[in-house]
K.L.:
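The structure under discussion is supplied below as structure tokens; questions concerning it will follow.
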Amino acid sequence: QAVSKWESAVSMPDVMLLPKIADALGITLEDLEDIMNIRQHVEGLAAYYAAQNASEEAKNKLKHISELQDFYFEKRDIDNLQKMDDQFHDALYEMSHRAVLHDTLLPLHRKTMRYRKAAIKNEQRLENSVNEHRDIIKAIADGNGELAQELMKDEKDNLAILNKIGEIRGLLLDIFT
């Protein structure tokens with residue numbers, strides 16, 4: 001609940017709850033920051049290669065995922081939207097045809113699944129995620145690697161998570177210094 005309230009801007013977490021939040025997520029704040037920084041930079045590269053290497057079949061798979069995201073968004077079906085988010089990222093990594101990128105990004109994405117599920121409960125984040133994925137899929141389908149890379153790097157959820165971590169760090173410094 002604390003993570004959900006934090007993400008929906010209802011409240012900031014009590015600093016004393018941070019260890020419990022990190023424990024509930026199964027990763028530390030530093031781990032989350034590192035993972036999101038890595039993903040922000042490396043996922044763009046995977047999107048670039050996906051646009052260069054994707055077969056028509058793979059592009060159709062992404063389009064199908066996008067259609068399902070739209071369907072589940074209209075129903076506000078968080079569980080299935082989370083599954084579509086996972087499928088989107090899995091397909092993107094696979095389509096890059098780069099084993100190192102795939103093998104690096106997949107476990108990092110898995111480590112943040114619980115956090116991302118909490119984040120997409122926020123209506124605006126949910127809509128942003130669906131729209132951003134649609135734009136990335138279109139760039140990949142059009143073979144525009146540079147645009148796919150830029151859109152992937154600028155995914156608002158990743159940036160929002162990094163900004164929140166920065167805010168928390170600032171709070172901690174203010175309190176303990």
Side-chain angles (χ1 to χ4, degrees), residues 3 7 21-73 77-122 125-126 128-141 143-165:
V3 173
E7 280 305 316
I21 292 170
D23 186 51
L25 298 174
I27 55 177
T28 68
L29 198 58
E30 289 80 16
D31 291 342
L32 183 60
E33 183 177 32
D34 291 344
I35 290 167
M36 298 314 293
N37 273 315
I38 292 166
R39 285 187 57 204
Q40 180 185 13
H41 292 87
V42 180
E43 277 187 332
L45 192 57
Y48 174 84
Y49 287 124
Q52 303 303 311
N53 299 323
S55 66
E56 283 306 311
E57 182 180 341
K59 290 177 185 179
N60 288 334
K61 179 179 180 178
L62 275 182
K63 288 177 187 173
H64 181 68
I65 290 169
S66 180
E67 291 166 0
L68 287 172
Q69 281 185 321
D70 289 337
F71 174 77
Y72 292 128
F73 175 73
D77 184 338
I78 301 296
D79 289 333
N80 279 313
L81 277 164
Q82 178 70 42
K83 289 176 187 172
M84 292 302 100
D85 180 74
D86 293 342
Q87 287 183 25
F88 167 78
H89 288 275
D90 291 353
L92 179 76
Y93 306 155
E94 186 177 312
M95 288 170 55
S96 74
H97 294 283
R98 300 291 178 128
V100 172
L101 291 178
H102 180 275
D103 294 347
T104 300
L105 289 168
L106 193 60
L108 294 177
H109 182 76
R110 295 285 184 258
K111 283 183 181 261
T112 60
M113 284 173 59
R114 292 170 75 188
Y115 186 88
R116 288 184 60 79
K117 185 172 183 178
I120 66 171
K121 287 183 179 177
N122 174 290
R125 291 258 171 86
L126 179 62
N128 285 345
S129 179
V130 170
N131 290 334
E132 289 168 348
H133 286 184
R134 188 181 309 114
D135 292 343
I136 293 164
I137 290 168
K138 182 176 180 345
I140 290 170
N144 190 338
E146 290 83 12
L147 180 58
Q149 182 175 22
E150 191 62 34
L151 291 168
M152 197 72 201
K153 253 182 89 176
D154 291 339
E155 247 192 323
K156 286 179 179 46
D157 279 348
N158 292 349
L159 296 173
I161 292 167
L162 288 169
N163 287 336
K164 285 293 183 189
I165 291 169

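Just so you know, these numbers use all the heavy atoms, side chains as well, and skip hydrogens, waters and symmetry mates.
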K.L.:
Please list all pairs meeting side-chain hydrogen bond (donor to acceptor under 3.5 Å, both in side chains) that have one or both residues in residues 48-61, counting only residues at least two apart or in different chains.
P.N.:
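Of all non-adjacent pairs touching residues 48-61, none passes side-chain hydrogen bond (donor to acceptor under 3.5 Å, both in side chains).
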
K.L.:
How close do Ala54 and Met95 get, heavy atom to heavy atom, and via which atoms?
P.N.:
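Taking every non-hydrogen atom into account, CB-CE, 3.2 Å.
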
K.L.:
Would you name the heavy atoms of Ala47 and Ile140 that are closest together and state the gap between them?
P.N.:
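What the structure gives for the nearest pair is O-CG1, 4.1 Å.
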
K.L.:
Do Leu126 and Ile78 have side chains that get closer than 4.5 Å, going by heavy atoms?
P.N.:
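Leu126 reaches Ile78 side chain to side chain.
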
K.L.:
Answer whether the closest heavy-atom distance between the side chains of Asn80 and Leu68 falls below 4.5 Å.
P.N.:
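Not touching, per the 4.5 Å side-chain cut-off.
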
K.L.:
Which pairs with one or both residues in residues 90-104 pass salt bridge (charged side-chain N to carboxylate O under 4.0 Å, His left out), sequence neighbours excluded?
P.N.:
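Matches after skipping sequence neighbours: Asp90-Arg110.
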
K.L.:
For a 4.5 angstrom cut-off between non-hydrogen side-chain atoms, does Leu147 reach Lys138?
P.N.:
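No, too far: nothing below the 4.5 Å cut-off.
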
K.L.:
State, with a plain yes or no, whether a side-chain heavy atom of Asp70 is found less than 4.5 Å away from one of Arg134.
P.N.:
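Sidechains of Arg134 and Asp70: in contact.
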
K.L.:
Taking all non-hydrogen atoms of both residues into account, name the closest pair between Ala141 and Lys63 and its distance.
P.N.:
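In terms of heavy atoms, the two residues are closest at CB-CE, 3.8 Å.
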
K.L.:
How close do Thr104 and Val100 get, counting heavy atoms only, and between which atoms?
P.N.:
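Looking at all heavy atoms of both residues, the shortest contact is OG1-O, 2.7 Å.
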
K.L.:
So His89 and Met152, do their side chains get closer than 4.5 Å, heavy atoms only?
P.N.:
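A side-chain contact exists here, since the closest heavy-atom pair is under 4.5 Å.
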
K.L.:
Tell me the closest heavy-atom pair linking Leu105 and Glu43, and the distance in Å.
P.N.:
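Heavy atoms only, the tightest pair is CD2-CG, 3.8 Å.
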
K.L.:
Heavy atoms only: give me the nearest Ile137-Leu62 pair and the separation to one decimal.
P.N.:
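Scanning both residues completely, I find the closest heavy atoms to be CD1-O, 3.3 Å.
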
K.L.:
Knowing that exactly one of His133, His64, His109 qualifies, which makes a ring-ring contact (aromatic ring centres under 6.0 Å, His included) with Phe88?
P.N.:
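Passing option: His133.
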
